[in-house]
Colleague: 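Handing you this structure, nothing more for now.
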Amino acid sequence: MRCPSCGCLESRVIDSRQNIEGNNIKRRRECIQCQKRFTTFEVIESVQIVVVKKNGSKELFDKSKLLGGIMKACQKRPVNAETIANEIESELQNSLRHEVTSGDIGEMVMRKLKDADDVAYVRFASVYREFKDIETFIRELNSIKEDFN
């Protein structure tokens, strides 16, 4: 970190404090050369995730859209949709991928819902996999039933 007074590149950290939200750190530093003190702020850089949709178009990842879809599937179910959305967003950020397909996100939601609640899983799957008839529903329900046996 360059000293604003003398331009020296070496300083020592005197004090560090994290803000309330936990997304940046305030540091008090002292220049090794001139002993002047100054403050720096470090901000966690998040990766901008681009979602590639089925039709090939691209848009920035929008957690609120993800949360909306999960909330519809979890309506009147004992599942915390926001927790699932946060976990998926965190996994995407940690993967360091700049692009992800909407299909990958859908599969992540399916895995989380299958572990959390079967009814929410079937609701989401019916829209995500575009169930066309009752036979498709029955096949999906039978596969869930087989998982329990």
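Note that the coordinates shown come from a computational prediction; the quantities given were computed from them, not determined experimentally.
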Colleague: Measuring from Asn80:CG to Asp117:CG, what's the distance to the nearest 0.5 Å?
Modeller: 12.5 Å
Colleague: Taking a hydrophobic cluster as the set of Ile, Leu, Val, Met, Phe, Trp and Tyr residues connected by side-chain heavy atoms closer than 4.5 Å, whether directly or through intermediates, do Val122 and Val109 fall within one such cluster?
Modeller: yes
Colleague: Given side-chain contact (heavy atoms from CB on, under 4.5 Å), test Ile105 with Leu92 step by step and report yes or no.
Modeller: CA-CA 9 Å; Ile105 294 172; Leu92 292 172; 4.3 Å; yes
Colleague: Do Glu89 and Lys112 meet the salt-bridge criterion of a basic N to acidic O distance under 4.0 Å?
Modeller: no
Colleague: Please indicate whether Glu87 has more than 12 foreign heavy atoms, meaning atoms of other residues, nucleotides or ligands, lying under 6.0 Å from its CD.
Modeller: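 Counting other residues, nucleotides and ligands, CD of Glu87 exceeds 12 neighbours.
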Colleague: Given side chains that start at C-beta, do those of Cys3 and Ile32 come closer than 4.5 Å, heavy atoms only?
Modeller: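 No, their side chains stay 4.5 Å or more apart.
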Colleague: Applying the 4.5 Å side-chain criterion to the ILVMFWY set and letting contacts propagate, would Met110 and Ile70 be lumped into a single cluster?
Modeller: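 Yes, because Met110 and Ile70 connect within a single hydrophobic cluster, where side-chain heavy atoms sit under 4.5 Å apart.
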Colleague: Could you please spell out the steps behind the side-chain contact (heavy atoms from CB on, under 4.5 Å) verdict for Cys31 and Ser5?
Modeller: CA-CA 9 Å; Cys31 177; Ser5 296; over 6 Å; no
Colleague: Minimum heavy-atom separation for Arg29 and Ile14, please, with both atom names.
Modeller: C-CD1, 4.0 Å
Colleague: Scan residues 67-124 for pairs that pass ring pair (Phe, Tyr, Trp, His ring centres under 6.0 Å), counting only residues two or more places apart or in two chains.
Modeller: Phe124-Tyr128
Colleague: Can you confirm whether more than 12 heavy atoms, excluding those of Arg2, are under 6.0 Å from its CZ atom?
Modeller: no
Colleague: A side-chain contact here means heavy atoms from C-beta on lying under 4.5 Å apart; do Asp104 and Glu107 qualify?
Modeller: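 No. Closest side-chain heavy atoms not under 4.5 Å.
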Colleague: List the residues meeting side chain to side chain donor-acceptor pair (under 3.5 Å) with Ser16, not counting sequence neighbours, and say none if there are none.
Modeller: Arg27
Colleague: In Å, rounded to the nearest 0.5 Å, how long is the span from CZ of Arg12 to CZ of Arg28?
Modeller: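 These two atoms lie 11.5 Å from each other.
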Colleague: Can you name the residues that form a salt bridge (Lys or Arg N to Asp or Glu O under 4.0 Å) with Arg123, not counting sequence neighbours?
Modeller: none
Colleague: Tell me whether Val100 is reachable from Phe61 by hopping between hydrophobic residues (I, L, V, M, F, W, Y) whose side-chain heavy atoms are closer than 4.5 Å.
Modeller: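 Hydrophobic grouping puts Phe61 with Val100.
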Colleague: Test side-chain contact (heavy atoms from CB on, under 4.5 Å) on Val50 and Leu60 and set out the steps.
Modeller: CA-CA 4 Å; Val50 175; Leu60 289 176; 4.2 Å; yes
Colleague: Search all heavy atoms of Ala85 against all heavy atoms of Leu67 and return the closest pair with its distance.
Modeller: CB-CD1, 4.0 Å
Colleague: Using a 6.0 Å cut-off, check whether atom NZ of Lys63 has over 12 heavy atoms from anything other than its own residue.
Modeller: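 Above 12, so yes.
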Colleague: With rounding to the nearest 0.5 Å, note down the distance linking CZ in Arg111 to CD in Glu91.
Modeller: 7.0 Å
Colleague: Starting from Met71, can I reach Met108 by hopping between I/L/V/M/F/W/Y residues whose side chains sit under 4.5 Å apart?
Modeller: no
Colleague: For the atom pair CD (Gln35) and SG (Cys6), what is the distance rounded to the nearest 0.5 Å?
Modeller: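 Reported value, rounded in 0.5 Å steps: 9.0 Å.
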Colleague: Say you draw a straight line from NZ of Lys26 to OG1 of Thr40; how long is it, rounded to the nearest 0.5 Å?
Modeller: 10.0 Å
Colleague: Grab the two heavy atoms, one from Ile49 and one from Arg97, that are nearest each other, plus how far apart they are.
Modeller: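 Taking Ile49 first and Arg97 second, the nearest heavy atoms are CG1-O, 4.0 Å.
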